[in-house]
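Report on the structure given below.
For clarity, every value in this text was computed on a predicted model and none was experimentally measured.
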Amino acid sequence: MPDNNELGRWPDRDAMARSWVVRLKSGEATQSDVDTLLSWRAQNEENEGAFRQAVRLWEQLGPALAGGAAMPAAGQGVSRRWFLGGGAAMAAVAAVSLVPLAAPVPAGAREYRTGKGERRHVRLEPEVSAELNTDSRLLFWADAAAPRVELAQGEALISATCDPGRRLIATAKDVEVRAQVARFSMRSDGGLMRVACLEGQIEVVSPGGRATVDAGTSFDFRAGEVRPTPHDVAESGAAWQRDLFLFKDRPAGEVIAELNRYRPGRVYLLGSRNDVRISGVIHLERADFAVDHIAKSLGMKVTRLPGGIAILRN
C-alpha cells in the first residue's frame, strides 16, 4: 500500500497514483489509508495531477478494451496488475485476451444486462416479462412447456401469465422458483439470495426444502438457512420499482452498502458510525445528493474525490 515514504518502490509518481486508485476502488481502504492519500495529494501539484490522471485512466480503459463493457473489478488479478503497470500494456492485453471481460452466454440463452444505476424492462416472450434493477444480468431460454430464467447477478422483478399446463422456472444460485400466474422478485447479491412473492402464488425449491409461497411473503436464503425477510427490509427492497430507496431504522453501514449499488463510484463510511441507525427516503435518480444528507444525519463530513468517490468521516 502506498504512503508518503513509498514513492521509491514504484517506477514513477503515476504508478503510485494508479496504486491509490486500485486501493480505493477495491473497497478495502481504511481511514488511515484515506488520511495518507489526502496528505500525499496535498504535498504538491504533481501528486494531485497524477492522481486525477489515474482516475481518468481507470474510467476510460474499461470501455476501450470491452467495446463499452465495464472493466473487471480491481481485485481480479490480471486487471489489477495490468492497471498498476500502466496504459502501455493495453494493446498486449487486448491482443491476447488476458482480461476476462464478461461471462460467456450459455448456448440457447438470451442475455439482458443493466449497468450501475440503470433499470430496464424487457419482454422475454408474450407471457413472461422482467424488470431488471441496477447492475443485473438475466439469462432467458425459450421453451414451449417451461421457459427458463436465470438471475446471474443483481435483482429482477418477474411477471408470468402462463397458460394452464405451462409454467415459468426461474433460478438464482441454488434457489428455484416455479410460477404459472404470478409476479415475484429475486435478488442475488453476494451471499444473499432473496425471493418475494408480490402477486399470485409461487413454488420455491431450495436446499432447505420446498414451499408454496403466497403474495406478501418474502424469504432470505443465506448459508443454507431460510428466514422470513423483516417487513421493513422487504418494503425497502420493493421500493426500487418506484425509483426509491426506503430505509427505516437501518444501520448506516447497510444503507451505504445499498446506496453503492446505485451510485457511480463508491461511498466509504469511516469511523465508528456503521451501526448507527438512520431512516430516510432516497430518490434513485438523485442518489448522489443523498450522500450529504446521510453525512449530516451522522454528524460527519464528506470528502469527495474524482471518480465518484465520497468519504464520510468524523
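Of all the heavy atoms in Gly308 and Arg263, the pair that sits closest is O-NH1, 2.6 Å. For Thr134 against Arg119, the heavy-atom pair with the smallest separation is N-CG, 4.1 Å. Here the shortest heavy-atom pairing between Arg277 and Asp249 reads NH1-O, 2.6 Å. Taking each heavy atom of Gln180 and Arg166 in turn, the nearest pair found is CG-O, 3.5 Å. Taking all atoms of both residues into account, the shortest heavy-atom contact from Gly271 to Asn314 is CA-ND2, 4.3 Å.
Ile158 has its side chain out of reach of Leu151: every pair of non-hydrogen atoms, C-beta onward, lies at least 4.5 Å apart. Contact of the Val204 side chain with the Phe219 side chain is not registered, since no non-hydrogen atoms from C-beta on lie closer than 4.5 Å. Under the 4.5 Å side-chain criterion, counting only non-hydrogen atoms from C-beta, Met193 is in contact with Ser188. You'll find the side chain of Ser206 reaches within 4.5 Å of the side chain of Val226, heavy atoms only. You'll find the side chain of Trp240 reaches within 4.5 Å of the side chain of Glu131, heavy atoms only. Considering only heavy atoms from C-beta on, Ser185 stays 4.5 Å or farther from Arg194 through its side chain. The shortest distance between side-chain heavy atoms of Arg178 and Val205 falls below 4.5 Å. Taking the side chain as every heavy atom from C-beta outward, Met16 and Trp40 approach each other to under 4.5 Å.
Taking a cutoff of 4.0 Å between a charged side-chain nitrogen and a carboxylate oxygen, Arg261 and Glu155 qualify as a salt bridge. Ion pairing between a basic and an acidic side chain is recognised when a charged N comes within 4.0 Å of a carboxylate O; Arg120 and Glu118 show no such pairing.
Under a hydrophobic clustering in which Ile, Leu, Val, Met, Phe, Trp and Tyr are joined whenever their side-chain heavy atoms come within less than 4.5 Å, directly or via other members, Ile256 and Leu192 fall into different clusters. Taken together through direct or relayed side-chain contacts under 4.5 Å among Ile, Leu, Val, Met, Phe, Trp and Tyr, Ile169 and Leu157 form parts of separate hydrophobic clusters. Leu139 and Val122 are assigned to two separate hydrophobic clusters, defined by single-linkage of ILVMFWY side chains at heavy-atom distances under 4.5 Å. The same ILVMFWY cluster, assembled from side-chain heavy atoms under 4.5 Å apart, contains both Met186 and Tyr112. Taken together through direct or relayed side-chain contacts under 4.5 Å among Ile, Leu, Val, Met, Phe, Trp and Tyr, Val181 and Leu124 form parts of separate hydrophobic clusters.
Atom CZ of Arg227 sits in a sparse spot, with 12 or fewer heavy atoms from other residues, nucleotides or ligands closer than 6.0 Å. Within a 6.0 Å sphere centred on NZ of Lys301, other residues, nucleotides and ligands contribute 12 heavy atoms or fewer.
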Pairs under 3.5 angstrom only: tabulate donor-acceptor contacts from the side chains of residues 289-297 to other protein residues two or more places apart or in another chain.
{"residue": "Asp292", "atom": "OD2", "partner": "Arg304", "partner atom": "NH2", "Å": "2.8"}
{"residue": "Ser297", "atom": "OG", "partner": "Ile294", "partner atom": "O", "Å": "2.7"}

